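Written out below as structure tokens is the structure these notes cover.
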Amino acid sequence: MRKITFAAAAMACATMVHAEGWDMPTPYGDSTFHTQNIMQFADDVRAATDGGLDITIHSAGSLIPHAEIKNAVRSRQVPLGEFFLSRLSNEDLAYGLDSQPFVATSYDDARALWEAQEPVVTELLAEQGLMPLFSVPWPAQGLYTNGEIATVEDLNGLRFRAYNAALEEFATLAGAAPVQVEASDIPQAFTTGQVAAMITSPSTGVNSTAWDFVSHYSPINAWVPKNIVVVNKRVFDRLDADVQAAVLAAADTAEARGWEMSAAEADAKTAELAANGITVYEPSPALVEGLQGIGAKMLENWNANASDAAKAALADYSSK
Ligand code: PCA
């Protein structure tokens with residue numbers, strides 16, 4: 001009897017020593033496909049490690065606000081987290097390549113761009129003790145407004161929701177007034193009149209029930225920005241080798257699954273916008289021309305300020 005008790009106690013002890021719980025902050029809500037992909041990633045890690053590594057997702061900025069997630073992982077306040085990659089463009093313009101208008105506008109382009117951008121981003125993050133686990137794109141970004149936009153001039157004076165420095169620059173060049181708003185605050189920002197227009201994916205449009213506050217959507221497909229999941233390298237290095245391998249394998253799977261989910265959402269969520277009463281229209285040649293003009297000016301600014309490594313990544317992509 002006593003022997004059995006000892007054995008049971010020893011086993012419980014062993015489990016306790018090896019079981020680890022990780023809190024993971026993410027910026028977007030539970031209905032967002034990125035969040036769902038990350039939940040599946042956590043399930044995969046839990047299953048592959050027999051519960052040895054248990055990741056709890058704290059979505060929609062509920063544990064750490066979006067703007068602080070990267071530094072929270074860096075300081076080991078949390079072991080890992082997700083954020084919008086191009087938010088870091090104020091640290092280095094290499095992070096912002098995927099949010100430059102008309103540089104990469106399709107999934108094939110986005111994949112080629114990520115191949116060129118990933119080594120530079122990985123090195124920059126390593127300088128902060130961070131290691132990328134996986135990165136997943138949003139569907140191409142489209143334009144949400146009240147009424148149809150025929151030319152860039154129609155954006156003049158509009159209060160424009162922005163989510164990073166590139167979009168702020170874009171709105172300014174379009175003569176609009178940028179206002180930074182987190183994805184979860186979009187409905188409130190529109191209904192309180194803080195903003196009147198935005199550029200984001202059909203996914204975020206549906207997730208924020210855009211039909212409640214705008215009438216028109218145009219798939220201008222101007223850029224394909226990405227989220228990234230990073231882990232603190234020191235925390236990762238302390239894991240047992242088999243647990244490390246399980247995390248990396250689940251991350252690879254999550255990256256592949258995430259890109260597929262994104263592509264599936266691009267059409268499905270655009271159809272959902274239309275089904276809910278939003279008028280979906282192709283941009284006029286004049287609008288496209290105006291937007292491309294803004295893109296060209298932004299790329300000029302980017303080139304004037306980017307590091308040699310960032311510029312080499314763009315050159316590498318352009319030569320593909
Ligand atoms: N949704 C996020 C980022 C890009 C996107 O499609 C947002 O609007 O904040």
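Note that the coordinates shown come from a computational prediction; the quantities given were computed from them, not determined experimentally. Remember, it's 1-based here, ligands and their atoms both numbered in the order they're listed.
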Can you confirm whether the side chains of Y107 and S262 place a donor and an acceptor under 3.5 Å from each other? yes
Report yes if some N/O of T200 lies less than 3.5 Å from some N/O of ligand 1; otherwise report no. yes
Donor-acceptor contact below 3.5 Å, side chain S59 vs main chain G29: no
Looking at T26 and T35, would you say the former's side chain and the latter's main chain have a donor-acceptor pair under 3.5 Å? no
Which residue and heavy atom of the protein sit nearest atom 6 (O) of ligand 1, plus the separation: S201 OG, 2.6 Å
Using a strict cut-off of 4.0 Å, indicate which atoms of ligand 1 neighbour a heavy atom of Q141. 4 (C), 5 (C), 6 (O)
Atom 7 (C) of ligand 1: which of R161, E182, K226, R87 has the nearest heavy atom? R161
Using modelled atom types and a 3.5 Å cut-off, is there a donor and acceptor pairing between side-chain atoms of Y317 and backbone atoms of V103? yes
Closer than 3.5 angstrom, by distance alone: can the side chain of R46 be matched with the main-chain N or O of L53 as a donor-acceptor pair? no
Return the residue, atom name and 0.1 Å-rounded distance of the protein heavy atom closest to atom 1 (N) of ligand 1. T204 OG1, 2.7 Å
